[in-house]
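Notes for the one structure printed next.
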Number of protein chains: 2
Amino acid sequence: MNFKVASFNINSIRARQEMLANWLTKNKPDVICLQETKVMDKDFPVEYFQEIGYNSLFKGQKSYNGVAILSPHPMTPIAGDLGDVAEPGEARLIAAMVKDIPVVNTYVPQGQAPDSEKFAYKLAWLKALRDYFARNFSPDQPLLWMGDFNVAPEPIDVHDPKRLLGHVGFHPEEHKVLNYVKEWGFQDVFRKHQPEGGHFTFWDYRIRQGLVRNLGWRIDHIWATAPLAEKSTNAWIDIEPRRLAKPSDHTFILAEFALSAN
Amino acid sequence: MNFKVASFNINSIRARQEMLANWLTKNKPDVICLQETKVMDKDFPVEYFQEIGYNSLFKGQKSYNGVAILSPHPMTPIAGDLGDVAEPGEARLIAAMVKDIPVVNTYVPQGQAPDSEKFAYKLAWLKALRDYFARNFSPDQPLLWMGDFNVAPEPIDVHDPKRLLGHVGFHPEEHKVLNYVKEWGFQDVFRKHQPEGGHFTFWDYRIRQGLVRNLGWRIDHIWATAPLAEKSTNAWIDIEPRRLAKPSDHTFILAEFALSAN
DNA sequence: GTCGACAAGG
DNA sequence: CCTTGTCGAC
């Protein structure tokens, strides 16, 4: 079977639930990971997405963060968290079994500024995430890690690597710890299919005409363990939704896998 | 020629400029009076309505009030104000010549509560309005007065006249002063064509299901001096826009006149 | 630029 | 219920 997955930092699911429904109806992914839903669980629009055939799993909080996984297939929640490192109440990680594939969706802390407490927290959070993977999964088994990583891994993943090196999101310390997680056993599925640079998933609202000038960052990712990554057939970014009236500052990243059974 | 006029308390022209453009394109009035535009003059979407063939005259302020007249025809502003009575800076009155007809658009103060200062202000404001008409116009000449009067004139203009008598918007003092203005020389054009009750232009947002239960008020009006009123051919309320996703709490009131020349 | 929270006004 | 301005976050 073909298995189509997507990730999208939606920057408020309530402000953009209609655009998401339109996109799902058109693109029909088997699973989509959402970040920055910015909604408490009691207010998540479950029925709204149920009506278009999507089930929802979500972990939210007031105002900030919030993650969700939507799928037309049955989903089983996967328990587990980052332990002491993560601030309690922060909704940044959710995981589910979908079609026998474990899917982990993260909204990695943004990090504010390299000299800030929040930056240290971001590094510690990513470090703890490797331990989370090691505790709960195996690199020899299929596993999907998707979401807003808030890190552009390589120079070709930002529009001006010289100027931006050392900024939050493209900092050597971030690269070090992201590689530390990667070494546990992940491959960058998008990079496998799109080796050239200039493909971005995020354009800062505050940079005028950032999209048409392509002044973006590739900070949203689809990573997989080797046994799954080798089954990927394609990966791409859909920038059309960024041309809509009230777009998110991020856009959709997608990948497809050719799965054997089921 | 047929002369079609409309009035609408839009409750923010920025929040509803698209719905207004749709309505204008469909209904093609020769003039529309808007209240509660809630936008400063520098931010009024002139070009947006120019693109669909409507010219704009407007008087706005920050956050509150704001009036505008839109027309596909050339418009000449008519100077004049209420003098000392009106609070300076309050954008509640605007007037223009359209096709040789003087059009006065008012957003009468709401009045808050009968025992409040604001209620006394409302009464004084309406009294000063008669003086404004007397100073600037003649009851023997065509004149249109349209807008949100914030008064339901008769028992058939509120859904529960017994209970509501004495409330703001249906208070004997308001009826007295509104009649004082009317006696200068106005006729209620809507009432002429729709003698029966139960036709409303406003439903309080805070009354749940107010529209379907028809718990409304007729507080938006189209009044004219005798020489113009006798040329009116029809008047009606369009409640369709109140069924949209983000409706105003008011809706459109319209009238048509058969004018001799031009 | 755009979001959510909040408080004030209707 | 809905909009506005202000605020903090990203």
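So that the names make sense, note that chain A is the first sequence line, chain B the second, and so on, each numbered from 1. Quick caveat: nothing in here was measured; it's all calculated off a predicted structure.
Closest to the A/Tyr64 side chain, of the nucleotides C/dG10, D/dA9, C/dC3, is D/dA9. You'll find that the side chain of B/Lys246 is closest to D/dT3, out of D/dT3, C/dA5, C/dG1. Here the nucleotide nearest the side chain of A/Glu36, chosen from C/dG1, D/dC10, C/dT2, is D/dC10. Nearest to the side-chain atoms of B/Lys118 among the listed nucleotides C/dG10, C/dC3, D/dT4 stands C/dG10. Side-chain proximity of B/Tyr205 to C/dG4, D/dC2, D/dC10: nearest is D/dC2. Closest to the B/Arg206 side chain, of the nucleotides D/dC10, C/dG1, D/dC1, is D/dC1.
Atoms OH (A/Tyr107) and P (C/dC3) sit 15 Å apart, rounded to a whole Å. D/dA9 atom P lies 13 Å from atom CZ of A/Arg92, rounded to whole Å. Between the CZ atom of A/Phe202 and the P atom of C/dT2 there is a distance of 13 Å, rounded to whole Å. In this structure, A/Asn150 places its CG atom 9 Å from P of D/dC10, rounding to the nearest Å. Rounded to whole angstrom, the span from the CD atom of A/Gln61 across to the P atom of D/dG8 amounts to 19 Å. Whole-Å rounding puts the B/Gln35 CD to D/dT3 P distance at 17 Å. Across the protein-nucleic acid pair, B/Leu211 atom CG and D/dC2 atom P stand 12 Å apart, rounded to whole Å. Residue A/Gln110 contributes atom CD, which lies 17 Å from atom P of D/dG8 at whole-angstrom precision.
A cation-pi arrangement is absent between B/Arg218 and B/Phe200 under the rule of less than 6.0 angstrom and at most 45 degrees off the ring axis.
In this structure, a donor-acceptor pair under 3.5 Å is present between the side chains of B/Thr201 and B/Asp220.
Distances shorter than 4.0 Å separate some side-chain N or O of B/Ser12 from OP1 or OP2 on D/dT4. Under 4.0 angstrom from either OP1 or OP2 of D/dA9 there lies no side-chain N or O belonging to A/Lys38. Applying the 4.0 Å criterion to OP1 and OP2 of C/dT2, one finds that A/Arg16 has every side-chain N and O outside that range. Contact between the side-chain N/O atoms of B/Lys62 and the OP1/OP2 oxygens of D/dT6 is found at a separation under 4.0 Å.
With ring centers used as reference points, A/Phe133 lies under 6.0 Å from A/Phe186. Taking the six-membered ring for Trp, B/Phe170 and B/Trp217 have ring centres at least 6.0 Å apart. Aromatic ring centres of B/His199 and B/Phe190: separated by under 6.0 Å.
Heavy atoms of B/Gln112 sit under 4.0 angstrom from primed sugar atoms or phosphate atoms, though from no base atom.
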